[in-house]
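Reckoned from all heavy atoms, side chains included, excluding hydrogens, waters and symmetry mates. Just so we're clear, the structure is a prediction, and the values are computed from it rather than from any experiment. All residue numbers in this chain count up from 1 along the given sequence.
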Amino acid sequence: MNLQSNDFEIFGIAPAFAVDRAALDERWKALQREAHPDRHASADAQTQRQAMQWSVRINEAYQRLKDPLKRAAYLCELHGVAIEAENNTAMPAAFLMQQMAWREALEEAGSAAAAEDLADEVAAARRAMLAQLQVTADERHDFAALAGQVRALMFVERFAHDVEARLDQLGQ
């Protein structure tokens, strides 16, 4: 294992969308205990620098692997498929219509209860999308389709943040 290893290799797990979060967390703690710079405080400068690099690399990998959206995007990257979220915003018409309906509902949400109902609906859609990501990545191994699903989920994640902001606004 070296700094150039992919995130899955660093954590000693198979590259897949489905991960055992508890096992991932435990492995992260073990890797951090081993590589933490404080553990190498009395070592020479090169060893300290390497420990710092490893600690940073382990944390980067952990952040990517623990987040389902980042993990899916990373799987696409590993399979040579760019997400291109900035350049490719094309979405199916039904998805765009859903986004428009949600935006209208958010604008019209005059109460915290209405905004909470919308938040619940968006959360349910997010859970369904995450389940579909797993099927596409782990069963179908269709990383081009996965990239499109990641882009769609990015829209939903941004909207969920907007709903949370609206809830905060209505709660004041």
Hey, could you give me the [atom1]/[atom2] distance between [X] and [Y], rounded to the nearest 0.5 Å?
| X | Y | atom1 | atom2 | answer |
| --- | --- | --- | --- | --- |
| H40 | S55 | NE2 | OG | 9.0 Å |
| L153 | L69 | CG | CG | 5.0 Å |
| E77 | N6 | CD | CG | 9.5 Å |
| M129 | T136 | CE | OG1 | 10.5 Å |
| D20 | I13 | CG | CD1 | 9.0 Å |

Just do the side-chain contact (heavy atoms from CB on, under 4.5 Å) check on Q98 and E121 with the steps written out, would you? CA-CA 11 Å; Q98 177 65 69; E121 184 179 337; 3.7 Å; yes

Would you mind reporting whether [Y] and [X] have side-chain heavy atoms less than 4.5 Å apart?
| X | Y | result |
| --- | --- | --- |
| R166 | L118 | no |
| V150 | M154 | yes |
| R71 | Y74 | no |
| R126 | E157 | yes |
| W28 | N59 | yes |

Over all heavy atoms of both residues, which pair between [X] and [Y] is shortest? Give the atoms and the distance, please.
| X | Y | answer |
| --- | --- | --- |
| L75 | P15 | CD2-C, 4.0 Å |
| V122 | A160 | CG1-CB, 4.0 Å |
| L133 | A72 | CD1-CB, 4.2 Å |
| A61 | F11 | CB-CE1, 3.6 Å |
| F17 | A137 | CB-CB, 3.8 Å |
| C76 | A147 | SG-N, 3.5 Å |

[Y] backbone acceptor or donor facing [X] side chain under 3.5 Å:
| X | Y | result |
| --- | --- | --- |
| H79 | V81 | no |
| Q48 | A43 | yes |
| R151 | N88 | yes |
| D138 | A18 | yes |

Is any side-chain N of the basic residue among [X] and [Y] closer than 4.0 Å to the acidic one's carboxylate O?
| X | Y | answer |
| --- | --- | --- |
| D162 | R103 | yes |
| R57 | D7 | yes |
| E34 | R39 | no |

Same cluster for [X] and [Y] if Ile/Leu/Val/Met/Phe/Trp/Tyr side chains link at under 4.5 Å?
| X | Y | result |
| --- | --- | --- |
| V163 | M97 | no |
| L106 | F95 | yes |
| L3 | L78 | yes |
| V135 | L130 | no |
| M52 | I10 | no |

Aromatic contact between W102 and F159, with the criterion being ring centroids under 6.0 Å apart: yes or no?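 Close enough - the centres of the two rings lie under 6.0 Å apart.
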
**Prompt:** Between the side chains of D25 and Y62, does any donor sit under 3.5 Å from an acceptor?
**Reply:**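 The answer is yes; a qualifying pair exists.
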
key: Option from R33, R27, Q32 for which side-chain contact (heavy atoms from CB on, under 4.5 Å) with K29 holds   =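 For K29, the side-chain contact (heavy atoms from CB on, under 4.5 Å) check succeeds only for R33.
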
Does R158 count as lying over the ring of F155, i.e. NZ or CZ under 6.0 Å from the six-ring centre, within 45 degrees of the axis?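 Because its charged atom sits under 6.0 Å from the ring centre and within 45° of the axis, R158 does stack over F155.
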
